[in-house]
Amino acid sequence: MYQCSLSVDSKKRNWITAVEKVLVLQFKGIDGVVATSENIGRIVLSIACERDKKPEAKKIISSVLKEMYLTRVKYEYLKYRLKITQLSEMSSNLLLHSLVAFDRESEGEIIERELKFGDCISLEGFFNFRLGELKERWNEIASLATNNAIHLHQDETLNELLKFLMSAVTPKIQKLSIEAVDNRFSVKGLYKKNHFEFSFFSSDQLMIYLINVAPLELTLEGEFSDKKLYNRIVSIFDGKSG
């Protein structure tokens with residue numbers, strides 16, 4: 001039997017929340033089990049499977065933890081350190097999400113290199129003592145954004161920065177189309193040979209989604225009444241009219 005546990009301070013409960021459901025689902029696929037407990041201010045996620053499934057189990061854990069640090073943890077870390085008062089809430093939010101997405105491939109390699117499997121992995125301990133290189137990178141980009149915030153209140157300048165940040169993001173979606181229909185945005189795409197379709201009713205949500213998936217090819221259809229949004233999408237993602 002292979003066993004491993006992930007633990008975190010109860011104050012960082014959301015770290016465990018970010019990985020628990022994914023681990024439960026993926027470990028079912030290898031006939032493994034995942035259980036959560038809390039003791040003396042720490043939350044422990046206990047994982048077990050047959051020993052012959054150990055390589056698969058370690059691969060799953062590594063992938064899930066990498067995603068957690070590069071999304072949930074990086075977002076919290078940068079949000080605390082970004083001190084930008086000159087931008088609107090929407091612009092600040094787009095900048096934050098773009099910084100989170102920026103350079104995630106090379107940062108993922110750092111996490112994989114530093115991750116050592118033992119009987120118990122302390123999530124905040126690993127972050128504080130093994131991921132110093134990541135924190136230095138995040139401090140640097142937070143400082144650069146903060147120090148140059150005065151230049152970002154113009155949409156054109158901000159869009160140029162967001163475009164640069166997105167150029168360093170590996171696309172998660174190859175082809176995507178957005179159609180403006182009344183007060184919603186219909187999104188259609190292809191992911192791993194599967195077609196999907198859903199809608200957004202907020203331009204903020206649409207922009208954050210585009211930043212997260214960084215489509216390689218983007219087509220815009222219909223009449224966009226929000227010209228600022230249209231120009232931003234075209235500028236950042238090289239959107240083409242359908």
Side-chain angles (χ1 to χ4, degrees), residues 1-51 53-85 89 92-93 95-143 145-146 208 212:
M1 180 73 70
Y2 171 68
Q3 295 179 314
C4 177
S5 64
L6 310 175
S7 72
V8 73
D9 188 287
S10 297
K11 296 177 181 178
K12 298 187 180 298
R13 182 183 302 271
N14 60 330
W15 290 21
I16 284 289
T17 302
V19 302
E20 182 178 11
K21 291 182 179 180
V22 179
L23 285 173
V24 169
L25 180 63
Q26 294 199 17
F27 266 80
K28 281 184 178 179
I30 59 173
D31 297 321
V33 294
V34 178
T36 307
S37 61
E38 186 168 357
N39 185 33
I40 316 178
R42 292 194 70 77
I43 301 175
V44 180
L45 205 61
S46 300
I47 302 164
C49 64
E50 295 298 328
R51 183 156 293 277
K53 299 292 185 179
K54 180 178 177 179
E56 296 174 69
K58 292 175 68 174
K59 185 176 180 180
I60 291 172
I61 295 171
S62 177
S63 176
V64 170
L65 290 185
K66 181 173 67 174
E67 184 69 12
M68 181 200 75
Y69 284 115
L70 294 182
T71 53
R72 181 67 58 94
V73 178
K74 187 177 182 181
Y75 178 88
E76 292 178 357
Y77 193 90
L78 291 178
K79 185 176 182 180
Y80 177 76
R81 281 159 179 78
L82 279 175
K83 308 297 181 183
I84 300 178
T85 58
E89 182 178 355
S92 296
N93 205 23
L95 176 59
L96 176 58
H97 279 274
S98 297
L99 290 172
V100 170
F102 177 70
D103 209 21
R104 59 189 173 200
E105 294 297 318
S106 61
E107 292 180 350
E109 293 174 1
I110 294 173
I111 295 173
E112 291 177 344
R113 184 185 70 218
E114 295 294 336
L115 184 58
K116 310 298 181 185
F117 282 88
D119 294 336
C120 180
I121 300 173
S122 168
L123 299 185
E124 75 271 33
F126 175 65
F127 179 66
N128 291 329
F129 299 106
R130 301 291 299 181
L131 296 182
E133 183 178 349
L134 269 192
K135 289 194 286 185
E136 288 180 6
R137 288 184 177 212
W138 297 351
N139 287 336
E140 182 178 353
I141 61 174
S143 295
T146 300
I208 290 172
N212 288 336

Note: Ile121 and Cys4 closest approach over all heavy atoms is CD1-SG, 4.3 Å
For Leu78 versus Trp138, what's the shortest heavy-atom pair and its separation? CD2-O, 3.5 Å
For Asp103, what residues pass the salt bridge (charged side-chain N to carboxylate O under 4.0 Å, His left out) criterion, not counting sequence neighbours? Arg137
Roughly how far, to the nearest 0.5 Å, is SG of Cys49 from CD of Gln3? 9.5 Å
Distance from Leu96 atom CG to Leu82 atom CG, nearest 0.5 Å? 6.0 Å
Can you tell if the side chain of Glu50 reaches within under 4.5 Å of the side chain of Asp31, non-hydrogen atoms only? no
Shortest non-hydrogen separation from Asn14 to Arg72 and the atoms involved: O-NH1, 2.9 Å
Roughly how far apart are Leu70 CG and Glu105 CD, rounded to 0.5 Å? 9.0 Å
Side chain to side chain contact (heavy atoms under 4.5 Å, CB included) with Lys66: of Ile111, Ile110, Thr71, Leu115, only one passes, and it is Ile111
Any residue meeting salt bridge (charged side-chain N to carboxylate O under 4.0 Å, His left out) with Glu76, in chain and number order, not counting sequence neighbours: none
Report yes or no: does Arg13 contribute a side-chain atom to a donor-acceptor pair with the main-chain N or O of Ile43 at less than 3.5 Å? no
Step by step, work out the side chain to side chain contact (heavy atoms under 4.5 Å, CB included) result for Lys135 and Tyr77. CA-CA 9 Å; Lys135 289 194 286 185; Tyr77 193 90; 3.7 Å; yes
Please determine whether the number of non-hydrogen atoms from other residues, nucleotides or ligands lying under 6.0 Å from atom NZ of Lys28 exceeds 12. no
Can you list the residues that meet the side-chain hydrogen bond (donor to acceptor under 3.5 Å, both in side chains) rule with Arg51, with sequence neighbours excluded? none
N/O donor-acceptor pair under 3.5 Å between Asn212 side chain and Ile208 backbone: yes
Is a side-chain donor or acceptor of Lys74 paired with a backbone partner of Leu99 at a separation under 3.5 angstrom? yes
Between Val19 and Glu67, is the side chain to side chain contact (heavy atoms under 4.5 Å, CB included) condition met? List the steps. CA-CA 9 Å; Val19 302; Glu67 184 69 12; over 6 Å; no
Decide yes or no on side chain to side chain contact (heavy atoms under 4.5 Å, CB included) for Glu107 and Tyr69, but give the supporting numbers first. CA-CA 9 Å; Glu107 292 180 350; Tyr69 284 115; over 6 Å; no
Name the atoms and distances for all side-chain donor-acceptor pairs under 3.5 Å in residues 54-63, with sequence neighbours left out.
none

Between Ser7 and Val44 (side chain of the first, backbone of the second, donor and acceptor by atom type, cut-off under 3.5 Å), is there such a pair? no
One should read off an interatomic distance between Leu6 CG and Ser46 OG, to the nearest 0.5 angstrom, of 8.5 Å
Glu124 meets the salt bridge (charged side-chain N to carboxylate O under 4.0 Å, His left out) criterion, sequence neighbours left out, with Arg42
Distance, nearest 0.5 Å, that separates CG of Leu123 from NZ of Lys12: 10.5 Å
Residues in salt bridge (charged side-chain N to carboxylate O under 4.0 Å, His left out) contact with Glu109, at least two apart in sequence or another chain: none
Side-chain touch Met68/Val22, heavy atoms, less than 4.5 angstrom: no
To the nearest 0.5 Å, atom CD1 of Ile141 lies from atom OG1 of Thr146 at 10.0 Å
Please report the C-alpha distance between Leu25 and Lys21 in whole Å, then the side-chain angles of each, then the deciding distance to 0.1 Å, and finally whether the side chain to side chain contact (heavy atoms under 4.5 Å, CB included) criterion is met. CA-CA 6 Å; Leu25 180 63; Lys21 291 182 179 180; over 6 Å; no
